[in-house]
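Residue numbers start from 1 in every chain, and the chains themselves are labelled A, B, ... in the order their sequence lines are given, proteins ahead of strands.
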Amino acid sequence: MKVFTLKKRRDFLKAASELKAVVNGVVVQAAFTLPDNNNEDICFVGYTATKKLGKAHIRNRVKRRLRAAAQNVLPLNAVAGAKYVLIGRHNTADLNFAYLVKKLTEAIKDINSQINMKNEAK
RNA sequence: CAAGACGGCCGGACAGCCGCACCGCAGCAUGACUGCGGCGAGGAAAGUCCGGGCAUCGGGGGAACAAGGCACCGGAUAACGUCCGGCUGGGGAGACCCAAGGGAAAGUGCCACAGAAAUAUACCGCCGAAGAUUCUUCGGUAAGGUUGAAAAGGCGAGGUAAGAGCUCACCGCGGCGGUGGUAACAUCGCCGGUCCAGGUAAACCCUGUCUGAUGCAAGACCAAGUUAGGGGCGUUAAGGUGUAUUUGCUCUUUUAUAAAGUAAAUGCAAACCAAACGAUACGGAGUGUUCCUCCUCCGCUCCAGAGGUAGGUCGCGACGAGCCGUUUAGCAAUAAACGGCCAAGAUGAAUGGCUGUCGGUUUGGGCUUGCCCAAAUUACAGAACCCGGCUUAUAGGCCGUCUUGUUUU
């Protein structure tokens, strides 16, 4: 599974309007579109750190830790065609890294089950 | 050795695993590709407070006004509100530090409370005279007391009824002159006793001086979708043009006609022009009517892709008021010469994540007194067009110069 980075504002807005899962350390939002035949092995991820978290160097650190955690989690657990948005929380910069990875895995699995339910409903 | 002043510098190191942006090279599977190599945050990158470069807009040149900044003197600089060296005032035992430091006799405002009185005065006093009997009235005085941040020069002597720049010396203040200094200013001499006179201009204000506006989200280029736009054919209304006739008028020539020009009316035209800016008609809307106002104004077909949005490329990477070193000039800021160097470039925004070892600091314990062990802690903070400054944040550490005190020689 290949992971690419979201860069367009409209992708973030779409993810915010569809699915959501909250755990200690991170909030995950997601949107889902059926993948093209050419790109079955692709998912997308974007990172957000608001000014509430702190000054610039703190927000940068939050995004880097989320990026490092996503590298451990997404290639194994992501659903093709999904667009995940990871939002940093007040304690993301300070949490133990292994714990953060574990929590992120829980959140991604939660989102994936929501995606499956939605697909079955269709 | 202790306490302190000033200036400069550093602001973790190494290893392992897994990664990121950009650049270069190579590969073929030619892409949201793979591999290798290079390179990758700060002293403040921060605040966005000044000064510039650069860009666009405006502007013929100059002046004035408004608004805002600045304000002892000289120098440095591309420039500055920055820096350097001085001066003056203030603080400190000293090294040294602090100052928004022009004008208060151009004008206006404000100066609480207290106090008799704050641009003016006499409460208590002191002195004299008169009355009277220990008080009253009149006058003199501002040395003493009281209030206050401040009582109108200070201090000493003379003087006097008591006093007073009333007089004198010194200091201060003002004026003139000499000397030193580029200057701010310093210093010396002479003169001045109604020496008339507080503070505040980070209050208005006055004087001098500087400033065009907007900031890389500037700006330049490419440019989806969509629209504006252009051509052809057909249809015909008002209108224009043309032409014919009649009538009037004008000019030239003339006896007159003719001819020419021009205006109006009428007729003709399947000859041509004319299609939306305006006007007219029809239609619609605004209260039934009128006026007025507004809106709409043919059909078919072909071409085209302007401007600009999304998006992209450039601007944009130390070729520059560049950085490092040496020498020379200068007290210094800095300048010149010579030699060397080319160093991050993202844009939902790379420069990292995790682990271990070693450091630094603090605390506790052990003793062999400078080592060992344990725990905690290891800052402020992340480039965003680029430079010069300022300001603010900052765990901990290093170096140099100087001052004061103590001890020893």
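Base orientation of G165(B): syn, since the glycosidic angle falls within 90° of 0. By the rule that a glycosidic angle within 90° of 0 means syn, A41(B) counts as syn. Under the 90° criterion around 0 for the glycosidic angle, G43(B) counts as syn.
The CG atom of Asn60(A) sits 11 Å away from the C1' atom of A41(B) (whole-angstrom rounding). Atoms NZ (Lys55(A)) and C1' (C380(B)) sit 9 Å apart, rounded to a whole Å. Rounded to whole Å, atom C1' of G348(B) lies 13 Å from atom CG of Leu66(A). Remark: P of C354(B) and NZ of Lys102(A) are 18 Å apart, rounded to the nearest angstrom. Tyr99(A) places its OH atom 21 Å from the C1' atom of U355(B), with the value rounded to the nearest Å. For the pair Leu100(A) CG and U355(B) P, the computed distance is 12 Å after rounding to whole Å. What separates CZ of Arg61(A) from C1' of A41(B) is a distance of 17 Å, to the nearest Å. Taking atom NZ of Lys63(A) as the reference point, atom P of C20(B) lies 18 Å away to the nearest angstrom.
Scanning all heavy atoms of the two residues, the minimum distance from Ala21(A) to Ala107(A) falls at CB-O, 4.0 Å.
The P atoms of A333(B) and C323(B) are separated by 16 Å, rounded to the nearest whole Å. Taking atom C1' on both nucleotides, A169(B) is separated from G156(B) by 9 Å, rounded to a whole Å. A116(B) and A151(B) are spaced 12 Å apart, taking the C1' atom of each and rounding to whole Å. Here the separation of U48(B) from C65(B), taken at their C1' atoms, is 32 Å to the nearest Å. The gap from the C1' atom of G174(B) to that of G75(B) amounts to 34 Å, rounded to the nearest Å. Here, C385(B) and U56(B) have their C1' atoms 15 Å apart, quoted to the whole Å. Atom C1' of G43(B) sits at a distance of 10 Å from the matching atom of C10(B), rounded to the whole Å. On the P atoms, A384(B) is 29 Å away from G396(B), given to the nearest whole Å.
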>> Assess the residue pair Arg59(A) and Lys63(A) against the criterion (side chain to side chain contact (heavy atoms under 4.5 Å, CB included)); give the C-alpha distance rounded to whole Å, side-chain angles, the decisive distance to 0.1 Å, and a yes or no.
In response: CA-CA 6 Å; Arg59(A) 299 199 299 272; Lys63(A) 284 194 198 176; 5.6 Å; no
> Can you list the steps and then say if Val101(A) with Val73(A) is a side chain to side chain contact (heavy atoms under 4.5 Å, CB included)?
Replying inline: CA-CA 7 Å; Val101(A) 169; Val73(A) 173; 3.8 Å; yes
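Salt bridge annotation for Lys103(A)-Glu106(A): present, with a cationic side-chain nitrogen under 4.0 angstrom from a carboxylate oxygen.
For G348(B), the base has no donor-acceptor partner in the side chain of Arg59(A) [N/O atoms by modelled type, under 3.5 angstrom].
Minimum atom distance to the side chain of His57(A) is reached by A381(B), of the listed A381(B), C354(B), A383(B). Looking at the side chain of Thr48(A), the nearest of the listed nucleotides G382(B), G353(B), G348(B) is G348(B).
Checking Tyr47(A) against Ala56(A), the closest nucleotide of RNA chain B that is more toward the 5' end is the one next to Tyr47(A).
For the OP1/OP2 pair of U351(B) and a distance below 4.0 Å, the side-chain nitrogens and oxygens of Arg64(A) include at least one atom meeting the criterion. Contact annotation: Arg67(A) reaches the phosphate of A349(B) (side-chain N/O to OP1 or OP2, under 4.0 Å).
Pairing for U77(B) is absent, with no Watson-Crick or G-U wobble pair whose two atom distances lie under 3.5 Å. Across all strands shown, G339(B) forms a Watson-Crick or G-U wobble pair with C324(B), both key distances being under 3.5 Å.
Side-chain contact between Leu104(A) and Tyr99(A): absent, with no pair of heavy atoms (C-beta onward) separated by less than 4.5 Å.
Side-chain atoms of Arg89(A) come within 3.5 Å of backbone N or O of Val23(A) as a donor-acceptor pair.
Both cation-pi conditions hold for Arg67(A) and Tyr47(A): the charged atom is under 6.0 angstrom from the six-membered ring centre and inside a 45 degree cone around its axis.
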